[in-house]
Amino acid sequence: MPDFAAAENPLREGLRLERIPAPNTMIIFGASGDLTKRKLLPALFNLACDNLLPQEFAVVGFARRTKSHADFREEMMQAIKQFSRRRQFDANLLQNFSERIFYHSSTFEDEGGYAGLQRLLEELETSHQTAGNRLFYLATPPEYYPEIVQRLGQAGMARNGRGWTRVIIEKPFGRDLDTARELNRQVLSVFEESQVFRIDHYLGKETVQNILVFRLANGIFEPIWNRHYVDHVQITVAEDLGVEGRGGYYETAGVMRDMIQNHMLQLLALVAMEPPIAFAAQEVRNEKVKVLQAIRPILPEEVEKFVVRAQYSFGSFGGQQVPGYLQEPGVVPDSRTETYVALKLYLDNWRWAGVPFFLRSGKRLPKRATEIAIHFKSAPHLLFGAHTAGLEANVLALRIQPDEGITLRFAAKLPGAAIQVRTVNMDFRYGTSFGKPSPEAYERLIWDCMLGDSTLFTRRDEVEASWQFVTPILAGWQQRNDQPLPQYPAGTWGPPEAEAFIAPEGRRWRRV
Ligand code: BG6
C-alpha cells in the first residue's frame, strides 16, 4: 500500500526520499499531440517500471478526435516502445500499464465535454480507487489554456475536492510580459497558486538539479562564487537540429521565447542565486526570483549593444546539405524570427556586481551541447613569465548535456627539466561515476507534482520577472524589423557578429 501519510507530510517531504505518490488520475489535454507521445506517456511508463507510481492510477487522454479507449491505448503503447528510455519491455508490465489508459473525446470549448470527463473520472475513481486526486496536464497549443482553465472552473473541477487537484501548464507561458500576466490572472482566478505547476523541463534534468548540490553541498566552491573571483560566466545551449517541421510554431517564438525566457534564465537563476535557507519550494523560488529581478534591464534602444540575433542559412550538417531557416516549411520568406541569440547581461546585486553573464543559444549549430562555464580571474601575479602568458585562466564547466559531467581546467607543469606550463582538465563524468542512466526530466517533474512538491516548477513571480527582462528586447527588435537578420551557415557556431560581440574585453566563446 502506498504511504499516504508520508506523501502529505511536509517534514518527511523535505528528505525527498523515493516515495510513491498518493493514488491519482492524470488527465492530459492535447493527448493527440507530440508531447504526449514522445515525453508524457513514456515518462509515466518509466515511473511505473521504477515502482514510483501508485497501483491505483489512471491516465485519461482528452482530445478532439473521436477514438476508442482501445485505439488510444494501442497508439500509446507504440509511442512508449518508440520513445521510452528503456529499451526492454516486460510484456506483463506493458499490459498492466495499458489497462490504466483511457480516452475522452471532446473539443476544448464544449461544456458537455467537461461534464462527460467528470463522469469518466468518477467511474475511474471507483474502478481504479484513484481517491479523487486529479492532475490536469495542459499539453495543448497555448491559445487553449485560458479556455480549458475557465471550463474546468465552471464545471467545478478546479477546486480541491475529495482529494487534491493540481494543474501542470506547459511552456510557452505567455509571449510577453502582458500576456504572461494575463494568463497568470486567468489561471489564478480558478486555481490557487499552490495548485499550479508551471513546467520548465530543464529543471527536471539531473545535471540541472546538481547545480545546487554542487554549489551548496561542497565547502570549497561557494566562497569563490562571486565577483571577487569570477571574471565572467558563459551559458550555452547549442542545438544541432533545425526547427524539425515546427516552422509554424517557431515563427511565433524564436530562440528568445523558445529557450532564453525559460530554460536559460532558469539556468542563470540556479547558478547565480544565494543559498536558500532550505531545499524547499518557497525558499528555493524566493532566491531564484531575486536573481531574475536583479537582471539589469536592456532597453529597446540598447538592444544592439547587448544582444546579437541571427538566422541559419543553407549549410551542411553531418555531410548532408540542409536548408536555411527561410526555406523551412511554415516559415515566411522575409521572416525576422531569430534562430540564434547571444546576449550579455549584468546582475545588479552585491555578489555579481560588474560580472558579465554571456548567454547564447541557437539551432543548427555544429553540435548539441548545454554547458555553464564559470571563468575565473587570472592568477594575480605570474611567476612563470613567458610560459604563462596567454594561458587560459581557470574554468569550471558544468556540462548539462549530452556528455554530463563537470570539468575544472587549471594550469600544470609539463614534465621535463624546463618550466613549461599548460592547461589540463580534471573531469567528473556521470556515466563513469554512477554507472546508471538518469531518469528523463519529465519523469522527475510529473512525479514531483504528484507528490505536491513544486520546488522544480516556476512560480508566478519568476515567470513575470523573466518576461520583464525579455519583453523590452523583443520590443527593440520589433522596431528594427525593416532590416534582414545576420545569417550563419547551418552547421557553424553562429554569425561573426557573435564573436566580435564577446571579444572587446579579451574574452572568447568557449569551445563546448
Ligand atoms: C523545448 C524547445 O522547450 O526545448 C525546443 O521548444 C528545444 O525548441 C527543446 O529543442 C530542447 O530541449 P532538450 O531537452 O532537448 O535540450
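One-based numbering, in listed order, for ligands and for the atoms of each.
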Visitor: Regarding D240 and K363, does a basic nitrogen lie under 4.0 Å from an acidic carboxylate oxygen?
Guide: no

Visitor: Relative to atom 12 (O) of ligand 1, which among H201, E170, H263 owns the nearest non-hydrogen atom?
Guide: H201

Visitor: Is any side-chain heavy atom of L474 less than 4.5 Å from a side-chain heavy atom of R257?
Guide: yes

Visitor: Under 4.5 Å between any side-chain heavy atoms of Y340 and R364, yes or no?
Guide: no

Visitor: Pull out every atom of ligand 1 sitting under 4.0 Å from any heavy atom of Q401, numbered as shown with elements.
Guide: 13 (P), 16 (O)

Visitor: Before we go on, tell me: are the rings of F221 and F214 under 6.0 Å apart, centre to centre?
Guide: yes

Visitor: Which heavy atom of the protein is the closest neighbour of atom 8 (O) of ligand 1, given with residue, atom name and distance?
Guide: D258 OD2, 2.6 Å

Visitor: Which residue and non-hydrogen atom of the protein lie closest to atom 15 (O) of ligand 1, and at what distance in Å?
Guide: R368 NH2, 3.4 Å

Visitor: So, does Q401 use its side chain to make a donor-acceptor pair with the main chain of T207 at under 3.5 Å?
Guide: no

Visitor: For residues M256 and S361, determine if any side-chain heavy atom of one lies less than 4.5 Å from a side-chain heavy atom of the other.
Guide: no

Visitor: For R336 and Q311, does a side-chain donor sit closer than 3.5 Å to a side-chain acceptor?
Guide: no

Visitor: Closest non-hydrogen protein atom to atom 14 (O) of ligand 1, residue and atom name please, with distance?
Guide: K205 NZ, 2.6 Å

Visitor: Does Y202 approach ligand 1 within less than 4.0 angstrom via side chain, backbone, both or neither, non-hydrogen atoms only?
Guide: side chain

Visitor: Could you identify the single nearest non-hydrogen protein atom to atom 9 (C) of ligand 1 and state the distance to 0.1 Å?
Guide: E239 OE2, 4.0 Å

Visitor: Numbering the atoms of ligand 1 from 1, which are under 4.0 Å from a heavy atom of K363?
Guide: 5 (C), 7 (C), 8 (O), 10 (O)

Visitor: Mark up the atoms of ligand 1 that fall under 4.0 Å of a heavy atom belonging to K171, in ascending order.
Guide: 1 (C), 2 (C), 3 (O), 6 (O)

Visitor: Looking at ligand 1, does any of its N/O atoms fall within less than 3.5 Å of an N/O of R246?
Guide: yes

